[in-house]
Undergrad: 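This structure is in structure tokens; I'll ask about it shortly.
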Amino acid sequence: MGMDFVVEVKKVEEEEEVESKYLKGVRYLCENNITRVPNKYILPLASRPEKGRKAAAAQTLKLPVIDLAKLRSPGCRLQVLETLAKACENYGFFQVVNHGIDGELVSRMASVGKRFFELPFEERVKYMTSDVRAPVRCGTSVNQVVDSVFYWRDFLKLTCRPLESVLPHWPSSPMDLREEAKSYAERSKSLFLELVEAILDSLGVGTGMLPEFEDGSHLMVVNCYPRCPEPNLTLGMPPHSDYGFLTLLLQDDVHGLQVQCEGEWVTVEPVPDSLVVNVGDHLEIFSNGRYKSVLHRVLVNSIKSRISIASLHSLPVDRMVSPSPELISESNPRLYKDTDFAAFLDYMSSCETKQKNFLDTRKLTHENKRNIKSLEE
Ligand SMILES: O=C(O)CCC(=O)C(=O)O
Ligand SMILES: [Fe+2]
């Protein structure tokens with residue numbers, strides 16, 4: 001006992017104080033003009049961006065382009081559907097142009113997202129909660145409750161369903177946030193429905209499920225990646241796949257998003273006026289593995305902070321997602337278990353995000369496959 005004990009307690013208290021500082025987020029941390037990345041954010045060597053190679057040396061990738069104007073034109077639709085199918089099979093990613101969301105609205109949305117993170121900490125802290133089911137949630141890293149190493153990212157998550165009833169929960173500051181985010185959410189939803197119709201068409205499964213998507217889940221995530229003094233030691237987001245059906249991503253002009261392509265990390269070139277769209281776990285499951293929910297991650301840099309806005313769309317939260325019966329056959333057996341959103345949320349709140357774990361938990365082993373097959377017979 002005695003002095004040693006007192007010193008020990010003091011040390012623990014100090015460590016806790018430091019830990020709680022990181023919970024306030026990266027922006028808060030950066031307000032003091034730091035010149036080094038704190039240990040809390042330093043990834044083990046093997047997980048760092050380029051394992052020693054300069055991030056700038058990474059290849060850039062021009063994603064396959066889906067022109068919505070052509071998709072809407074009867075004479076061109078079939079050809080665009082073919083491009084869409086190839087993109088979802090080979091990359092799991094594509095970009096849409098002529099998407100019809102007003103450029104001014106897009107700029108206003110990006111601007112209000114950026115201004116939210118410029119608010120004083122006292123304003124943002126009101127929305128910080130570890131409850132993954134809250135209609136509005138501000139936080140840092142991926143899952144700050146369980147992450148042992150933190151990622152260089154702050155986020156604001158807005159539940160967008162049912163829009164009218166969640167709206168009063170959204171931040172009232174900046175003043176224009178609710179209005180712009182509501183308009184953007186509505187436009188993002190219509191575009192999603194148009195893309196889902198094309199996806200179902202491209203899979204040849206009919207569009208009978210479309211009305212279910214109209215009632216589907218919709219989450220808007222504003223990601224903020226402040227400038228980082230030592231960007232090679234950390235990441236904005238770890239390699240992950242998105243859980244939903246499709247994610248529609250709006251990124252500013254700063255590079256950062258990387259996609260895994262043939263085992264290599266390639267940087268997605270930001271294209272003005274386009275949206276990046278990717279296949280999520282639910283679509284991989286629904287397509288019985290034909291369309292790929294691909295790993296992606298985010299690099300940070302020392303020059304410019306970056307903002308992105310991801311809209312995650314899927315079926316209603318209580319709806320089971322299963323491989324489409326039309327895509328299961330003798331030669332193409334069922335590859336995934338049924339899953340629902342609740343299973344994903346439980347997974348998220350219970351463990352540290354690593355690679356493609358969630359989807360892996362939904363994959364059928366040979367043993368399972370045989371059992372399911374016998375259930376179907
Ligand atoms: O910031 C980005 O470019 C990607 C964000 C992302 O992958 C996500 O929010 O799931
Ligand atoms: Fe993502």
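Throughout, residue positions are numbered sequentially from 1 according to the sequence presented. Atoms within a ligand are numbered from 1 in the order they appear, just like the ligands themselves.
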Undergrad: I need the protein N, O or S atoms closer than 2.8 Å to the Fe ion (ligand 2), given as residue plus atom name.
TA: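 His240 NE2, Asp242 OD1, His296 NE2, with waters left out.
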Undergrad: Centroid separation under 6.0 Å, is that true for the rings of Phe245 and Phe213?
TA: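 Ring centroids of Phe213 and Phe245 are less than 6.0 Å from each other.
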Undergrad: Between Asp154 (side chain only) and Arg27 (backbone N and O only), is there a donor and an acceptor less than 3.5 Å apart?
TA: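 The answer is yes, because a donor-acceptor pair under 3.5 Å joins these two groups.
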Undergrad: Taking the six-membered ring of Phe117 as reference, does the NZ or CZ atom of Lys114 fall below 6.0 Å from its centre and within a 45° cone about the axis?
TA: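 No, Lys114 does not lie over the aromatic ring of Phe117.
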Undergrad: List, for ligand 1, each N/O atom that has a protein N/O partner under 3.5 Å away, with both atom names and the distance.
TA:
residue	atom	partner	partner atom	Å
ligand 1	1 (O)	Tyr225	OH	2.6
ligand 1	1 (O)	Arg306	NH1	3.1
ligand 1	1 (O)	Ser308	OG	2.6
ligand 1	3 (O)	Arg306	NH1	3.3
ligand 1	3 (O)	Arg306	NH2	2.8
ligand 1	7 (O)	His240	NE2	3.1
ligand 1	7 (O)	His296	NE2	3.1
ligand 1	9 (O)	Asn223	ND2	3.1
ligand 1	10 (O)	His240	NE2	3.1
ligand 1	10 (O)	Asp242	OD1	3.2

Undergrad: Is it the case that the side chain of Asp201 and the backbone of Gly206 share a donor-acceptor pair, with hydrogens and angles ignored and the cut-off at 3.5 Å?
TA: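 Checked: no pair found.
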Undergrad: For residues Phe93 and His296, establish whether the separation of their ring centroids is below 6.0 Å.
TA: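 Ring centroids of Phe93 and His296 are less than 6.0 Å from each other.
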Undergrad: May I ask you to decide if Gly103's main-chain N or O and Ser107's side chain share a donor-acceptor pair within less than 3.5 Å?
TA: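 Such a contact is found between Ser107 side chain and Gly103 backbone.
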Undergrad: For atom CZ of Arg227, decide whether the heavy atoms of other residues, nucleotides or ligands shown that lie under 6.0 angstrom number more than 12.
TA: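 No - once you tally the heavy atoms of other residues, nucleotides and ligands closer than 6.0 Å, there are 12 at most.
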Undergrad: Compute both the distance and the angle, then confirm whether Lys40 meets the cation-pi test with Tyr22: under 6.0 Å from the six-membered ring centre, within 45 degrees of the axis.
TA: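 No; the conditions do not both hold, so Lys40 does not lie above the ring face of Tyr22.
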Undergrad: Going through the checks in order, is the side-chain contact (heavy atoms from CB on, under 4.5 Å) test met by Phe286 and Leu315?
TA: CA-CA 11 Å; Phe286 177 79; Leu315 286 160; 5.9 Å; no
